[in-house]
Every structure is written in structure tokens, then in C-alpha cells.
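In what follows, every heavy atom counts, from backbone to side chain, and hydrogens, waters and symmetry copies are set aside. This chain uses plain numbering: 1 for the first residue, then up along the sequence.
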Amino acid sequence: MTDTEIEITADLVRDLLEEQHPDLAGLPIREVEGGWGNQMWRLGGELAVRMQRMDPTPELQLKERQWLPVLAPRLPLPVPTPVRLGEPSERFPKHWTVMTWVPGEPLDHGSISRGAHAADTLAGFLRALHVEAPADAPISTDFGAHPRNCTDGFENLFQAVVPDDIAADVRAVWDDAVTAPAWEGPRVWVHGDLHPANVVVSDGTLSGIVDFGAMFAGDPAWDLAAAWVLLPDGTASRFFDTYALADEAAIRRARGLAAMKSLFLMLMGQNGDRGLPGGKPHWGPAGRAALDRVLKGL
């Protein structure tokens, strides 16, 4: 069976549950919009099934299975926690996991109206997450590098989507991040991929964090970029005041990474406008708004 022959449907999800976790097979199943590497299906009111789809290996799911139960108890916001493991079978030769459902609306389909509260909430979450990781914690090969080691990726995004009228300003932010001192502290836990589709909101503020497939131990600046990527105008300064663990160099690296992440959102929006696979038309405006916040600084 090849990837192109696997159509993930509600019937398939129910069949897999009946085979491996029959006590859950009677719960209502419905697809959750979004998802690329993994497809999510809501299972009853409190659970979700995470199905490996485009991810070429099960590494990201296996990482979540191993480490989220360790991290979740000390985090101040809900995160998805594995409760049942689905193993590859003849019916579906990939991994799947039953996880707790994090209630709320993804930020890329919602909004934050309580900016100060959201800034404090995000800062509190990252303070709790950014503690020294054990020696066997994962190290990312895709995320986590100093900005100077991400120049090719930045240049590709820059050339693809940056508007001419702000190109010089965007490059100045990136160049400043490239010259910032490197992280010299201990390797801490980092989510690594905080963007509007990976956080949920309710009552106008952040209420949960999802998709820890990219998590690694390393430089917290990769998460601190969320001060501009996620939070509304004028709240980055409050975030850093509340977080209170970032020195000037970390803020410089984070701001450059926020610029790169904003350009990525803009590219995904452009791909969506062009009808390309994986494109997200509504990410384009979110990315441009985030980039404008980056250029305003703190």
C-alpha cells in the first residue's frame, strides 16, 4: 500500500479503533479541519485521533508519545496528551495516537482580543516549558539553529514574498539576528513551531497549545518569536517583561526568527491563493500582520 492509496476516512478510523481499542470505537468521529503532516479526527467530546499522513516517518508522533506525558503535568495550559497508542497494521501501515482534545478555536481561525492577558499567558507557559531538558531529549535538525545557520531558508522566503517597500527593513532585522550572540545557557525544552494554527484561543485569549511534533531541546528564542507571530500589536514588550528570562541577544535572535516565520506564513498564504497543495490562503494576511509587528519592534 502506498501513501497515495491511503484515504483516511471516519470509517477507517473506526475500523482501527475496533481492531486495537474497541472500547473507544462507539464514540462519535468527525474530521478536524487543517493538518498536513498529521490528520486529526475528533473522538467523542474529550479525545482526538492523530493519524500520520504526509509525515514520511513516525518520528514526530513517537516524540510526542514519549515526551508530552512528561511535560504536560507542569504546563499551565492544556496540551494534547497521548492516552492510547495505535500501531501500524495491514489496514493502515502507519502510526496513529489517541490524544486528549484541547478545547478552543485555532488562532488562524480566531482572534485575540485580550492582548495583555494573552501576553501574560504565553509568557507563563513558556517560563514553565523552558526548563533544562534531560540529556536524552531530542535535538532538532530542522528547528533550533542560530539564525546565521538559517540564512538559506530566510533568503528563499525573502525572495519569494517580501514586499519591496519593506525589504530593506526586513533584511535589517534579520541581519541583526544573525550577528546576535548565540544561546549559551543549558538546552531547554522548546515547542519550536508556535504559529497561529498551533495554538488555540477562547474568550479572547490563549487557552491551549497543540502540535508538539517539532519540539526539541535548545535555544528558547525559537519560541520567543511568538511574541510577534501570535500576540496582537503592542504586547511584545509586556510579554518579555513577564517572561523575564530573555536577554538582549535572545530578543534579537527571536525577532529575526519571527521575521522568518512571518514570511513562511505569507508564503503559505501565497501558495493557497495559487491553489497549491498545502497552501493556506488565510495565512497570508496573518503573516503580513505579524511581519508588521516585527518591524515595529518592542
So the ring-ring contact (aromatic ring centres under 6.0 Å, His included) pairs with at least one residue in residues 270-291 (sequence neighbours excluded) are His109-His282, His195-Trp283
Is Gln66 atom CD crowded by more than 12 heavy atoms from other residues, nucleotides or ligands, each under 6.0 Å away? yes
When Arg255, Lys261, Lys296 are each screened for side-chain contact (heavy atoms from CB on, under 4.5 Å) with Trp228, the one that passes is Arg255
Glu87 side chain reached by Pro93 side chain, heavy atoms, under 4.5 Å: no
Give a yes or no answer on whether the side chain of Thr205 reaches the backbone of Ala118 with a donor-acceptor pair at less than 3.5 Å. yes
Nearest heavy-atom contact between Ala197 and Pro106 is O-CB, 4.5 Å
| query | Heavy-atom distance under 4.5 Å between the side chains of His130 and Leu245, does that happen here? | reply | no
Donor-acceptor pair, Arg42 side chain versus Glu31 backbone, under 3.5 Å? no
Counting neighbours of CD on Glu105 that are heavy atoms of other residues, nucleotides or ligands and sit closer than 6.0 Å, is the number greater than 12?
yes
Is a side-chain donor or acceptor of Asp223 paired with a backbone partner of Gly192 at a separation under 3.5 angstrom?
yes
- Ignoring hydrogens and angles, tell me if any N or O in the side chain of Arg148 forms a donor-acceptor pair with the backbone of Thr179 under 3.5 Å. no
Q: In sequence, state the C-alpha distance, the side-chain angles, and the governing distance for Asp120 and Phe239, and then conclude on side chain to side chain contact (heavy atoms under 4.5 Å, CB included).
A: CA-CA 6 Å; Asp120 292 347; Phe239 164 84; over 6 Å; no
Interatomic distance, CH2@Trp96 vs CG@Leu16, rounded to 0.5 Å, equals 5.5 Å
Apart from Val200 itself, members of its ILVMFWY cluster (side-chain separation under 4.5 Å) are Val102, Val210
Is Arg288 salt-bridged to Asp292, going by a charged N under 4.0 Å from an acidic O? yes
In one Ile/Leu/Val/Met/Phe/Trp/Tyr side-chain cluster, 4.5 Å: Trp183, Met260: yes
Salt bridge or not between Glu155 and Arg171? Use side-chain N to carboxylate O under 4.0 Å. yes
Any heavy-atom pair between the side chains of Val188 and Val131 that's under 4.5 Å?
no
Note: Arg91-Asp15 ion pair, threshold 4.0 Å (strictly below): yes
Checklist entry - Is it the case that one hydrophobic cluster holds both Phe143 and Leu62, taking links as side-chain heavy atoms less than 4.5 Å apart, direct or via other members? => result no
| task | Given side chain to side chain contact (heavy atoms under 4.5 Å, CB included), test Lys63 with Met215 step by step and report yes or no. | result | CA-CA 8 Å; Lys63 182 165 53 172; Met215 67 177 157; 4.0 Å; yes
- Query: Is Met40 close to Met51 at the side-chain level, that is, under 4.5 Å between some pair of heavy atoms?
  - Reply: no
Are the side chains of Leu295 and Ile166 in touch, meaning some heavy atoms are under 4.5 Å apart? yes
Distance col, row His95:NE2 vs Ser89:OG, nearest 0.5 angstrom, shows 11.0 Å
Exercise. Do the side chains of Leu157 and Val162 join up, straight or via other hydrophobic residues, at under 4.5 Å, putting them in one cluster?
Worked result: yes
Would you please test Leu126 and Leu194 for side chain to side chain contact (heavy atoms under 4.5 Å, CB included) and show each step?
CA-CA 11 Å; Leu126 293 181; Leu194 291 175; 4.1 Å; yes
If only atom types and distance count, is the side chain of His21 paired as donor or acceptor with the main-chain N or O of Val98 below 3.5 Å? no
query = Is a side-chain N or O of Lys280 found less than 3.5 angstrom from the main chain of Gly272, in a donor-acceptor match?
reply = no
Quiz item: Thinking salt bridges, do Arg50 and Glu64 make one under a 4.0 Å N-O criterion?
Solution: yes
Q: Decide whether Leu298 and Val173 are clustered together by the hydrophobic rule: side chain heavy atoms of Ile, Leu, Val, Met, Phe, Trp, Tyr closer than 4.5 Å, transitively.
A: yes
OG of Ser262 to CG of Leu267, rounded to nearest 0.5 Å, is 12.5 Å
One should read off an interatomic distance between Leu107 CG and Ser207 OG, to the nearest 0.5 angstrom, of 10.0 Å
Between Gln270 and Val161 the two heavy atoms that sit nearest each other are NE2-CG1, 3.7 Å
Hey, is the main chain of Leu12 close enough, under 3.5 Å, to the side chain of Thr9 for a donor-acceptor pair?
-> yes
When rounded to the nearest 0.5 Å, the distance separating CZ of Arg252 from CG of Asp247 is 10.0 Å
d(Arg84 CZ, Met99 CE) to nearest 0.5 Å is 14.0 Å
Problem set entry | Over 12 foreign heavy atoms within 6.0 Å of CG, Asp136 | yes
Could you check whether Phe216 and His191 have their ring centres less than 6.0 Å apart? no
**Prompt:** Is there side-chain contact between Val79 and Leu71, with at least one heavy-atom pair below 4.5 Å?
**Reply:** no
Of all heavy-atom pairs linking Pro147 and Trp174, the shortest is O-CZ2, 3.2 Å
Looking at Asp23, I want to see if its CG is surrounded by more than 12 non-hydrogen atoms of other residues, nucleotides or ligands under 6.0 Å. yes
* Just wondering, do Val83 and Leu47 contact through their side chains at under 4.5 Å, heavy atoms? -> yes
*Treating Ile, Leu, Val, Met, Phe, Trp and Tyr as nodes and any side-chain heavy-atom pair under 4.5 angstrom as an edge, say whether Ile209 and Val70 lie in one connected cluster.*
yes
**Request:** Verify, without hydrogens or angle tests, whether Arg65 (side chain) and Pro82 (backbone) share a donor-acceptor contact under 3.5 angstrom.
**Result:** no
With sequence neighbours left out, the residues meeting ring-ring contact (aromatic ring centres under 6.0 Å, His included) with Trp101 are none
Original post:
Could you walk me through whether Ile29 and Leu17 pass the side chain to side chain contact (heavy atoms under 4.5 Å, CB included) check?
Top reply: CA-CA 11 Å; Ile29 299 171; Leu17 288 169; 4.1 Å; yes
* Asked: With no hydrogens and no angle check, is any side-chain donor or acceptor of Asp175 less than 3.5 Å from a backbone partner on Ala177?
  -> no
Taking every heavy atom of Leu206 against every heavy atom of Leu77, the minimum-distance pair comes out as O-CD2, 4.2 Å
Q: Quick one: sort the Phe158 and Phe154 rings into parallel, tilted or perpendicular, breaks at 30° and 60°.
A: tilted
| Heavy atoms, side chains only, cut-off 4.5 Å: are Leu265 and Pro196 in contact? | yes
- Item | Donor-acceptor contact below 3.5 Å, side chain Trp222 vs main chain Ala145 | yes
All heavy atoms of Gly44 vs all of Leu27, minimum pair found to be N-CB, 4.0 Å
